Amino acid sequence: MADTASQMLLGSGLTVLSQPLMYVKVLVQVGYEPLPPTLGRNIFGRQVYQLPGLFAYAKHIMKIDGRAGLFKGLTPRLCSGAIGTIVHSKVLQHCQEADQVEDPGISPKESSSSLEQVVKETSQEMIARSAATLVTHPFHVITLRCMVQFIGRETKYSGVFSSFVTIYREEGILGFFAGLIPRLLGDILSLWLCNMLAYLINTYALENGVSTMTEMKSYSQAVTGFFASMLTYPFVLVSNLMAINSCGLAGGLPPYAPAYSSWLHCWSQLQGEGNMSRGNSLFFRKVPAGKRYVWEEKRFH
């Protein structure tokens, strides 16, 4: 319990600190670009038109809503993090205890680099993460919708309880799980990619006997985790777009956003536009295709 409480406390602190970053990221993911591009240089030194980065975007939000505006959606996100930590811890503990009953000769803290052990631990982690995601997804949906309200200046989702009532009244139970399938698929794929790549690197690329072996293995885990998250980013993007699609907010309705019939339809349309990585980077952002933006509308009118 003490370990779970410390994880919750640490997670809550990181959530508060990262909230402005996630807020900007979500607005970029849905394609909201209120500021015109500027002429700059890419990493190769070539002149290109770039959309404003994180700090310029955050400054625009503060200009309209003040500093507190950067923390919209924080409450349901904190609830999601706390509940998710508890569920993940309980389910993982249950899986490990069940494994101990089957194999009583193995200590739960015993570390093994065998492929069988890696597969077993990854399977347990997958079950725990999936359970946490399933339970907390309604809070995730509310968090995203609270943030996307900035686009149309709505106040439809103003509190956690009232948001639950609104979603249930308008969309039923299924509304709480909008975008769940691509999110689950992305989490599972990312977990297996990360752990299996780390196992291959640690087993075949790093030689035993090196004094910094433990440190090198931790670095390999971080590198493979970053690589896996990059590969599975489209699942995150599609999940977030489906969570706000056709929910009654301007950011999720035509003509601003198309009405997707399913997450596969959303995926294929983004892929056709070349926007599968939209929002993945908040710096050196090229102008995406396939949408008319706020600054374009002002220039048109």
Side-chain angles (χ1 to χ4, degrees), residues 7-35 37-38 40 42-43 50-85 129 132-133 136-137 139-151 153 157 160 179 182-183 186-187 190 194 222-223 225-244 249 251-252 270 275-288 293-294:
Q7 288 180 7
M8 288 175 57
L9 186 61
L10 177 61
S12 298
L14 293 175
T15 297
V16 173
L17 291 175
S18 65
Q19 181 67 13
L21 175 65
M22 183 184 175
Y23 189 16
V24 172
K25 195 177 190 71
V26 168
L27 292 180
V28 171
Q29 284 177 337
V30 300
Y32 180 65
E33 298 291 349
L35 303 173
T38 56
N42 61 16
I43 57 176
Q50 297 176 339
L51 290 168
L54 169 64
F55 299 111
Y57 210 121
K59 192 175 294 185
H60 172 75
I61 295 173
M62 287 193 294
K63 184 179 179 181
I64 297 174
D65 288 340
R67 292 185 178 181
L70 289 172
F71 294 91
K72 284 184 178 179
L74 177 61
T75 301
R77 192 175 171 217
L78 285 172
C79 293
S80 175
I83 296 172
T85 299
R129 283 196 192 183
T133 298
T136 62
H137 193 74
F139 293 96
H140 181 68
V141 171
I142 293 172
T143 297
L144 295 174
R145 295 184 181 185
C146 286
M147 294 174 173
V148 172
Q149 287 185 140
F150 179 82
I151 298 173
R153 310 305 298 161
Y157 299 93
V160 177
R183 188 182 178 202
D187 283 348
S190 176
C194 175
V223 171
F226 175 76
F227 180 69
S229 66
M230 291 286 288
L231 287 179
T232 57
Y233 178 78
F235 289 95
V236 177
L237 176 61
V238 171
S239 173
N240 287 354
L241 291 180
M242 291 305 298
I244 57 99
L249 300 177
L270 287 173
N275 284 333
M276 293 301 288
S277 62
R278 188 171 67 200
N280 192 23
S281 172
L282 296 180
F283 301 96
F284 304 107
R285 299 194 299 124
K286 67 176 183 178
V287 180
Y293 297 102
V294 175

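The model shown is predicted, which means the values in this text are computed figures rather than measured ones.
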Checking the side chain of [X] only, and the main-chain atoms of [Y] only, is there a donor and an acceptor separated by less than 3.5 Å?
X: Ser190; Y: Asp187; result: no
X: Tyr233; Y: Asn280; result: yes
X: Arg285; Y: Gln50; result: no

Are the side chains of [Y] and [X] in contact, using a 4.5 Å heavy-atom criterion?
X: Leu35; Y: Leu51; value: no
X: Met147; Y: Met22; value: yes
X: Leu241; Y: Leu270; value: yes

Donor-acceptor pairs under 3.5 Å, side chain of residues 58-69 to any protein atom, not counting sequence neighbours: which ones?
{"from": "Asp65", "atom 1": "OD1", "to": "Arg153", "atom 2": "NH2", "distance (Å)": "2.6"}
{"from": "Asp65", "atom 1": "OD2", "to": "Lys72", "atom 2": "NZ", "distance (Å)": "3.1"}
{"from": "Asp65", "atom 1": "OD2", "to": "Arg153", "atom 2": "NH1", "distance (Å)": "3.3"}

Would you check, one step at a time, whether the test side chain to side chain contact (heavy atoms under 4.5 Å, CB included) holds for Ser18 with Arg77?
-> CA-CA 11 Å; Ser18 65; Arg77 192 175 171 217; 3.2 Å; yes
For Phe235, enumerate each residue passing the ring pair (Phe, Tyr, Trp, His ring centres under 6.0 Å) test, keeping only those at least two apart in sequence or located in another chain.
-> Trp267
Residues forming a side chain to side chain contact (heavy atoms under 4.5 Å, CB included) with [X], sequence neighbours excluded:
X: Val16; answer: Phe71, Leu74, Leu78
X: Ser80; answer: Thr136, Phe139
X: Leu54; answer: Leu21, Val24, Leu282, Phe283

Output, in order, the C-alpha distance, side-chain angles, deciding distance and verdict of side chain to side chain contact (heavy atoms under 4.5 Å, CB included) for Leu70 and Gln19.
-> CA-CA 7 Å; Leu70 289 172; Gln19 181 67 13; over 6 Å; no
Identified side-chain contact (heavy atoms from CB on, under 4.5 Å) counterpart of Asn240 within the set Leu144, Val148, Thr143 =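 That would be Leu144; it is the only one of Leu144, Val148, Thr143 passing the side-chain contact (heavy atoms from CB on, under 4.5 Å) with Asn240.
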CA sep, side-chain torsions, deciding dist, call: Glu33, Val28, side chain to side chain contact (heavy atoms under 4.5 Å, CB included) = CA-CA 7 Å; Glu33 298 291 349; Val28 171; 3.9 Å; yes
Could you give all pairs that pass the salt bridge (Lys or Arg N to Asp or Glu O under 4.0 Å) test and reach residues 7-19, with sequence neighbours left out?
->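 Not a single pair qualifies under salt bridge (Lys or Arg N to Asp or Glu O under 4.0 Å).
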